[in-house]
Amino acid sequence: MDAPTLTPDGGRLVVGTSRPDFRTDGYTGQLWVMPTDGSSPPRRLTQGYRDSGAQLSPDGTTVAFLRSPAPGTDSRTPSAPQLVLIPLDGGEGRIVTDRRLGVTGFAWSPDSRWITFSSPEPEPGRYGTVAGVGPGQEDPRLVTGPDHRQNGEGYTADKRPRLFEIEVPDPNGEPVFAAVGRLAESQDSKAGPPAVPAARPLTEGERAASDPVYAADSRHVFFATTPEMGFGQSLRTAVAVVEARRGTAEMPRPAGSGAPAEPDAGPVRLVAGGTEVRVGFGSPCVSGNGEWLYLLGQDLGESGLEFVASNGAVYALPAADAVREATPGWDRPAAGLQPRLLTDPAAMGYAGPLRPSGQDQVLALGASRGRTVLVQVSHHGNPEVLVDQHGEVTGACEAGGTVAVSSTSAVSPGRVGIQHRGSGLQELFDPNAAWRADLPPVAGLEREYGGPGDPGDPRPDQPAVHGWVFLPEGPGPHPVILNIHGGPYAQYTWSWFDETQVLVAAGYAVVMCNPRGADGYGADHGASIQGRLGTVDHQDIIAFLDGALEEFGPEGSGQLDASRIGIQGGSYGGYMTAWITAHDHRFTAAIVERGYLDPVSALGSSDIGWFFSEQYMGSDLEQMRQQSPMHHVDRVRTPTLVIHSEEDLRCPIEHAQRYYQALWAQGVEAELLIFPGEDHELSRSGTPWHRRARFDHILRWWDRHLARQVTDQ
């Protein structure tokens, strides 16, 4: 479920939903509108194949959103989302962009007259810009730096996102359709206005530009960018500002009066961050009264690469100063522009996008002990948690004193509601209610095992490890699957997790935890594995498993079968699964999925390898090798299913191929399952048929190695 958007009075809410669709082997979803007092049920507002990212205009009359056509649609770029406008009270949606690679984000001006959007701009000759020149016939790419590819996107430097601006068309104006025949090629004025509003570029293509937001004057646009030109050398980001219109065409024109004069955009000027600044800034947000510019900042150290457990924090500076004092150049901003730190990055990490709240505050999302909470921050600091529940807040907005929240919970993958002070979250809409009634999800049992006060733990440095145990129906003993999350700076949460629900429904108990290195427990906890992966994180994972077996195993309640234990994980979880099975032979079988299995080869093959391996494992190659599961694969005796995607750039498929080959060569029972056309996000956003096939193979593997053993016995 998307983040919600509200009318200015807070009386109505619009939100987008998404679901897998096996008919099209894709994801479909529409926008829904509903009153926030619950006086009438939600109503479907749009009928597109995939409509998402709704934002109401500041005057409350029009909804802007992104629409992706259905797979197989006769379009030059079938999957590219375009910007669409629709009246809130209903009507036909009007497509207002025709970008070859689609629109990635947008923002309304406060006066509701303009929209700035970000869109990847392909280099000439690439991505179908020249008829008959396909990917295999394009010119060669010259790479001059390490940051040139990204998982899910492929090459990035030849299609950097730029900012463009359109004037919002008159909603009561005459519909305009694309010219055909003689007028399609004509430059004559008889051809009339274009089918979509003219999009004026606000930025050039030498730096990426995203996350636009207007200043209160509806003229200046703040946005996130990269201070370094070309291929990146660091992880630094910055916030800049551009004056969208320095020329004419400020006054409304009568419909049919022709194209507007071409106003010039001003130069791009630096507001916060830079090539000589430790903190990278992004997610700009202007307060409701226009006085404050809020930012998210992350301290990346002198190198610009020190990202490990470097939590995002909320900063602020006066918006008028940001416009007035921003200067050209990318090394550092003007001396008078010093964003003020408002939250403690050592205690909690914050994520965006930031959203205005009230006149001068901002809403942010914070990670905390298996939850994502909604926090309100003022320009004085004073963060206040507004929503804290067993689940995750995924998006929020505030208008007219109403706080709307999209969230997940232990039993729902997506719902929207209104937060009331003192009485909690009032649910308005849960599109999953029907199937949940037929197949009720299983909630996990929250546990902490270990800790310095645990007399049964011989390891004096063992901290308490937080996690969950999921038990199937029936008395057991149930076979056990130890599941390990990715990241490593991520967290398992209270939220509904399809993987856990599938395994529990099939009769497996699931044990999962947040070991040292995970997010949500402070920066020190997250950084504690730096330079020593496979040590304290391994220790914590096994301590939690041992604690679960002690409570629920043969010497406890008898619900867990200590003789039938599987282990699985993806990405860093795949790394840890491969690492643990090389050092602990108690496991009946394993699944290593999209694993980061060789940090040495990843230095050049992974999209993040140029900084990730060194930051987590050190710069000494021998030290890095000792932390590599590939280096220890000769110790593995556990039957292992290796799952990987062909187009995974985060953990390249050569990791899986080499790991599988090594297992096979030394006589370990192993299988390699490869998904064509998928990348690192297969389990989360792969095609529905592939995601179902993945579950089929996972259950087949566990049925062979865990479930059937009880029948054989």
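Predicted model, so just to flag it, every value in this text is computed and none were measured. Positions are given from 1 along the sequence.
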Could [X] and [Y] be called an ion pair, given the rule that one side-chain N must be under 4.0 Å from one carboxylate O?
X	Y	answer
R246	D264	no
R160	E121	no
E325	R269	no
R278	E302	yes
R67	D51	yes

Using side chain to side chain donor-acceptor pair (under 3.5 Å) as the criterion, point out the one residue from S406, S495, S407 that pairs with E392.
S495

Can you tell me which residue among R44, Q47, R50 is in a side chain to side chain donor-acceptor pair (under 3.5 Å) with Q30?
R44

Take R113 and E167, measure what salt bridge (charged side-chain N to carboxylate O under 4.0 Å, His left out) needs, and give me the verdict at the end.
CA-CA 6 Å; R113 286 188 54 201; E167 187 170 13; 3.1 Å; yes

For the aromatic rings, using the six-membered ring if either is Trp, is the centroid distance between Y315 and Y294 under 6.0 Å?
no

Can we call the ring centroids of W108 and Y214 under 6.0 Å apart?
no

Heavy-atom closest contact (G417 atom, L425 atom, distance)
C-CD1, 4.1 Å

Nearest heavy-atom contact between L163 and S210 is CD2-N, 4.4 Å

Between F281 and R236, does a side chain to side chain contact (heavy atoms under 4.5 Å, CB included) hold up when you go through it step by step?
CA-CA 8 Å; F281 290 98; R236 292 185 178 96; over 6 Å; no

Scan side-chain atoms only and decide if Q150 and T156 contain a donor-acceptor pair under the 3.5 Å cut-off.
no

Short question: side chain of [X], backbone of [Y] - any donor-acceptor pair under 3.5 Å?
X	Y	value
S234	L305	no
D607	N151	yes
S283	P353	no
T17	M1	no
T5	L56	yes
D321	R324	no

Around E92, counting heavy atoms of other residues, nucleotides and ligands shown, do more than 12 lie under 6.0 Å from its CD?
no

Pairing residues for D388 by the salt bridge (charged side-chain N to carboxylate O under 4.0 Å, His left out) criterion, not counting sequence neighbours
R371

Rounded at 0.5 Å granularity, tell me how far OG1 in T225 sits from CG in D211.
10.5 Å

With R219 as the cation and W114 as the aromatic partner, state whether NZ or CZ is under 6.0 Å from the six-membered ring centre and within 45° of the axis.
no

Checking salt bridge (charged side-chain N to carboxylate O under 4.0 Å, His left out) for the pair R12/D89: CA distance, chi angles, key distance, verdict?
CA-CA 11 Å; R12 283 192 285 180; D89 293 328; 3.2 Å; yes

Describe, in one word, how the ring planes of F117 and F164 are oriented to each other, choosing from parallel (under 30°), tilted (30 to 60°) and perpendicular (over 60°).
parallel

Close side-chain approach of W32 to V14, heavy-atom, < 4.5 Å:
no

Does Y489 have any ring pair (Phe, Tyr, Trp, His ring centres under 6.0 Å) partners at least two apart in sequence or in another chain, and if so, which?
none

